[in-house]
Structure formats: structure tokens, C-alpha cells
Amino acid sequence: MDEVKGTENMHCCSFDECQFRRITTSDGRVEVRASVPKGGFSKLQEPKVKWRRIGDAVFHRDCWDLVVKTCRMRSKKRAPFVMSAAEKTLVKEALKTAEFHDSLDTLANEASRIADLIKNAEHCVAFTGAGISTSAGIGDYRGKSGKWTEEDRGNLNTEILNQGDEPKQKKARTEDVSGTHGNVDNDDDSDNGKHDNGVDDGVPYEELRPTYTHEALCKLVQLGLIKHIISQNGDGLHGLSGIPSTNLSELHGNVFIEKCEKCGTRYERPFYVLDDHASLYYEELNDLGATTVKKPRHAKRCDLCGLCHRTSRKCKRKGCKGHLIDSIINFRDNLEEDIFHTAQEHAAKCDLMLCLGTTMTVSPANELVEMGKQPLRIVVCNRQKTDVDKLCVSQDKKGIQLGSRVFGDCDSLLSQLMQHLMNHDDLRKWEMEQTVRMKAYDKKRTKS
């Protein structure tokens, strides 16, 4: 797949029978990634998709729909073209990784619609996931290169790709869907803070800076157009962008915030507070029954998640000296009641919910999305499809669409959106001040 850098950002469609080939900004597109078969894609019999070496492919929306439709057909006579059983397997797996991008025209039209919704809303709330932080350097879980997507791909039985196309040789694949181990975990499309193994994945949190979306949301809060931010992210970027704690509910914690397990006093630090070494000690004991990791003196196993929340520091409040613990919500941990309650209050008053960079698959966080006033007005911007997409495009009694569904990057949408919500001179001044803001962010972050 060739890509031309620049404003056109053109791609070549990977469908071998595509009549137009070039995908421009005027076209919607789909990006996927498939498992690489043993011996590479050259082993496929007359492939209909021009897979890249690492398994990537990009399509016009119509071309992708045709490929998917064909791979699902049982009758070869009815199929518009012949596809080998091996390639059908690849397409079905790639379908789980599909990321959709609207054309620039669609993006511009929807940005105008969303701006009007925001201007007319009395209590607009933003519900954010890891998709708003990917451009800052944090990976997601369910993108085409996401953490769990890669794990699923590694577990795929690809033997069929080297065994010909006889149906009797096709083996069923059992998918591991045990990603959630309790009522609460990090979002299905998020990759923030600690995960199921309690260990940071090497993300340099102190070096991360707010994206255009983070900054735009902060500006809209300052302008009074957004009343509250409900975040599933633990990266601390909303707070760093300048959003006051009174306008922010971080449901899954913050890697820069620790609290006293005795008196509850909270401390916001300029450094990553988690003790991953202590969690690794308990993780290896849980998984292997033994460990070579030396147990830190302050370490204590959490009864819920089985890891360690203690950070090695103690409370400075006079007469307390309780152990400080991180605020991150791991698998099986409970949400902090006061934070979730505040989020519920704003969700209940909400007459416009902006869902940005999230697939909304994790309970109880996702329950907040549909808690607002009727008729529900929901806007979703995400690369993957979600269960609330139909609500976004539902209509009122007059046949007017209630919300909006945008496929693509949040930064692209917010860039268009701000042009409708700020006058030209103010917007230009604000965007030019980004360098100054970045220097201010640098001063607020230091390594421990």
C-alpha cells in the first residue's frame, strides 16, 4: 500500500478488483490488519486482497463491504468473485480489527451539526476513552494494532492457511473473551495505567502531553460549552491540560494521584506514582506460585485485584503517617464511590453526551452514556463501531437526527469543531499559544 504524504494523504485500495484504486480524502476508508500466515501471504491461492507484509490492508468502504459479504457467502455461485477458504479466514479475523474513517466532507458536515448541538445544549458532558490519547503516545486495546488485538492475533490457529481449501480441514477457533475479570476494569479500547498484570507497559507517562482533543475540551469547559468530563483514562492528561478537578471525573484513576489509605488525603504528583515492582512480586506469586522478585517492605496484597496499590510513600498529614496507595482501578477493583456518584449526577443532567475515543464496552462506566435526558442526544467519534451507533443517528418525531456518528480521529473532528465554536481570531490566537502551553506542561512534570 502506497501512501503519499501531504494534504491529500492518498492510499491505494487493497482490493485487487477495485476499479478506482486511489483512496483520497474525498473517500471513506477502512483499515485492517490480518494474521500473517506461515510462509507469508505469497502462499495464498489467487488472493483478492493485496496484503502488506505485516498484514495491513486499506479499502474503500464499498470495497471492504463487498469483501466481507463475499467471505460470508456459503454458495460460490452467488458470490461476486471466488475467494479461497484461507483468505476468508484472514478477512474474518481482520474484521475484528477494522478501523473506519469518514471522508473530509463528511467530517466537515458532521462537525457543523455537532457544533449546533453543543451551542443549544444546556448540560453537555464529554465521555472520553483512550482514543483521545493515542496521538499522545498511548496505545489502545481494540484498535488494529491494539494490545488485545495483537494477543488475539497471536493465538489464531493459522494452519488452515497452509492446508488448502478443503472445508473438512477448517478448524474452529475458540476466542478468549475473559478480558474482564470483574465488574470494573479499564476500557476495552484503553491502555492506561496498570492492566491485568499490574505492570506498566513502558509508557513514559511523565513525557506525555495533552493532544489537540485534550486542549480543545479544556477550552470548551472554560467557555462553558462543556460542563463536565467523564474519563476512563488514567494518563492524567485531562488535568494537565488545565481542566479543574471539579469539572472532571476520572473513573479509573490517575497515575499521578495517590491517596492515604488511612485518612483519604489525596496527593497529586508530577511523577508516576505506581510501584510496579511490588505488583510484579504478587503477580508472579499468583501466576507461578513463586517469584525471584524481592518483596518490598511496604508491599501489601490487595484483596480485590491481588496486586499492590501501596506506593512506598506515607501521608504527610499531621498525626497520620498512613501508607499512600495509587488511585488506579485494576481488574476486580471497585470504582471510588464519590467519583462515580459525581459522574452519575452529571450524566443524569446531560442533554448532550460527547463520546470520544471509546467503544463504551466496560460496565459500569458505559451505563452513564445513556443516562441523560430524553430524547437522548449522543455524539460518538471513534474508529471502531460501537453498540450505541444507532442511537446517534436516531430521529425525533419530526424526522430530525438527534445526534451524530463520526468515524475517525478525535483530533481531526475537534479541529473542525473548534472552527464553529470560536471566532476566527480567537481560535487562531489560541492555537498559536500551544507552544507556550506545552512549556507550562513541561514544568508540571518531573520524573521521580
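In this text, all values refer to a predicted model and were calculated from it rather than measured experimentally.
- Remark: of the listed residues H346, H238, H123, H346 is the sole one forming a ring pair (Phe, Tyr, Trp, His ring centres under 6.0 Å) with H228.
- Using cut-offs of 30° and 60° on the angle between ring planes, the pair F20 and H60 is perpendicular.
- Interatomic distance, CD of E87 versus OG1 of T70, reported as 10.5 Å (0.5 Å rounding).
- Scanning all heavy atoms of the two residues, the minimum distance from D326 to T311 falls at N-CG2, 3.5 Å.
- Here the side chains of D16 and K50 are in contact, with some heavy-atom distance below 4.5 Å.
- R29 places no side-chain N or O within 3.5 Å of a backbone atom of D102 that could act as its donor or acceptor partner.
- Rounding to the nearest 0.5 angstrom, the gap separating the CD1 atom in I400 from the OG atom in S394 is 12.5 Å.
- Across all non-hydrogen atoms, the minimal contact from L95 to V68 is CD1-CG2, 4.1 Å.
- E250 places no side-chain N or O within 3.5 Å of a backbone atom of H252 that could act as its donor or acceptor partner.
- No donor-acceptor pair under 3.5 Å is formed between the side chain of N233 and the backbone N or O of D235.
- Checked by atom type and distance alone, the side chain of D409 never pairs as donor or acceptor with a backbone atom of S412 at under 3.5 Å.
- Two residues are said to be in side-chain contact when any heavy atoms from C-beta on lie closer than 4.5 Å; V36 and W51 fail this criterion.
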Item to check | CA sep, side-chain torsions, deciding dist, call: F41, L90, side chain to side chain contact (heavy atoms under 4.5 Å, CB included) | outcome: CA-CA 10 Å; F41 295 98; L90 286 176; 3.9 Å; yes
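- For N120 (side chain) and D116 (main-chain N/O), a donor-acceptor pair under 3.5 Å exists by modelled atom type.
- Residues passing the side-chain hydrogen bond (donor to acceptor under 3.5 Å, both in side chains) test with D425, sequence neighbours excluded: none.
- Here the side chains of L376 and L402 are not in contact, with every heavy-atom distance at 4.5 Å or above.
- Between R113 and Q401, some side-chain heavy-atom pair lies under the 4.5 Å cut-off.
- Contact annotation: the side chain of L217 never approaches that of S241 to less than 4.5 Å [non-hydrogen atoms, C-beta and beyond].
- In this structure, R377 contributes its side chain and Q374 its backbone to no donor-acceptor pair below 3.5 Å.
- Closest heavy-atom contact between R445 and G236: NH2-O, 3.4 Å.
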Checklist entry - Given S112 and N109, is the side chain to side chain donor-acceptor pair (under 3.5 Å) satisfied, shown in steps? => result CA-CA 5 Å; S112 177; N109 290 335; over 6 Å; no
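- Crowding of N423 atom CG: a count of heavy atoms from other residues, nucleotides or ligands under 6.0 Å exceeding 12.
- For R61 and D27, the salt-bridge test fails: no basic side-chain N is under 4.0 Å from an acidic carboxylate O.
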Checklist entry - Where do T106 and E110 land on the side chain to side chain donor-acceptor pair (under 3.5 Å) test, with the steps shown first? => result CA-CA 6 Å; T106 299; E110 291 305 308; over 6 Å; no
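- The side-chain tip of R437 does not point at the ring of Y441 from less than 6.0 angstrom away and within 45° of straight on.
- Between Q344 and M371, the shortest heavy-atom distance links the atoms O-SD, 3.8 Å.
- Using a 4.5 Å heavy-atom cutoff, the side chains of N382 and C355 are not in contact.
- Judged as a side-chain hydrogen bond (donor to acceptor under 3.5 Å, both in side chains), and not counting sequence neighbours, the contacts of K48 are E17.
- Going from atom CD of Q232 over to atom OG1 of T128 covers 7.0 Å, rounded to the nearest 0.5 Å.
- At a threshold of 4.5 Å between non-hydrogen side-chain atoms, the residues L223 and L421 do not count as touching.
- Annotation for V49 and A57: closest pair CG1-CB, 4.1 Å, computed over non-hydrogen atoms.
- Between atom CZ of residue R383 and atom OG1 of residue T134 there is a gap of 5.5 Å, rounded to the nearest 0.5 Å.
- More than 12 heavy atoms of other shown residues, nucleotides or ligands fall within 6.0 angstrom of atom NZ in K119.
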Checklist entry - R269 and L324: side chain to side chain contact (heavy atoms under 4.5 Å, CB included), yes or no, with the steps? => result CA-CA 12 Å; R269 308 296 193 185; L324 298 185; 3.4 Å; yes
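- Counting only distance, with no hydrogens or angles, the side chain of T97 and the backbone of E93 share no donor-acceptor pair below 3.5 Å.
- The CG atom of L274 lies 9.0 Å from the CD atom of E258; values are rounded to the nearest 0.5 Å.
- Proximity of a side-chain donor or acceptor of K227 to a complementary backbone N or O of G224 within less than 3.5 Å is detected.
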Item to check | CA sep, side-chain torsions, deciding dist, call: D411, T213, side chain to side chain donor-acceptor pair (under 3.5 Å) | outcome: CA-CA 5 Å; D411 287 349; T213 297; 2.6 Å; yes
Checklist entry - Which is it for I257 and V273 under the side chain to side chain contact (heavy atoms under 4.5 Å, CB included) test, yes or no, and what are the steps along the way? => result CA-CA 7 Å; I257 293 179; V273 303; over 6 Å; no
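- More than 12 heavy atoms of other shown residues, nucleotides or ligands fall within 6.0 angstrom of atom CD in E345.
- With F100 as reference, F407 is the one residue of F407, W64, F59 to meet the ring pair (Phe, Tyr, Trp, His ring centres under 6.0 Å) rule.
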Item to check | Steps toward side chain to side chain contact (heavy atoms under 4.5 Å, CB included) verdict (T211, L414) | outcome: CA-CA 10 Å; T211 65; L414 267 295; over 6 Å; no
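- Looking only at distances, no side-chain donor or acceptor of S279 sits under 3.5 Å from a matching main-chain atom of D276.
- Around the CZ atom of R266, the shell of radius 6.0 Å holds more than 12 heavy atoms that belong to other residues, nucleotides or ligands.
- Closest heavy-atom contact between P210 and E215: CB-CG, 4.1 Å.
- The CG atom of L237 sits 4.5 Å away from atom NE2 of H214, with the distance rounded to the nearest 0.5 Å.
- Of the possible donor and acceptor atoms, one in the side chain of T358 sits under 3.5 Å from a partner among the backbone N and O of M360.
- The neighbour count for D105 CG, taken as heavy atoms of other residues, nucleotides or ligands under 6.0 Å away, is above 12.
- Counting heavy atoms from C-beta on, the side chains of K219 and L225 never come closer than 4.5 Å.
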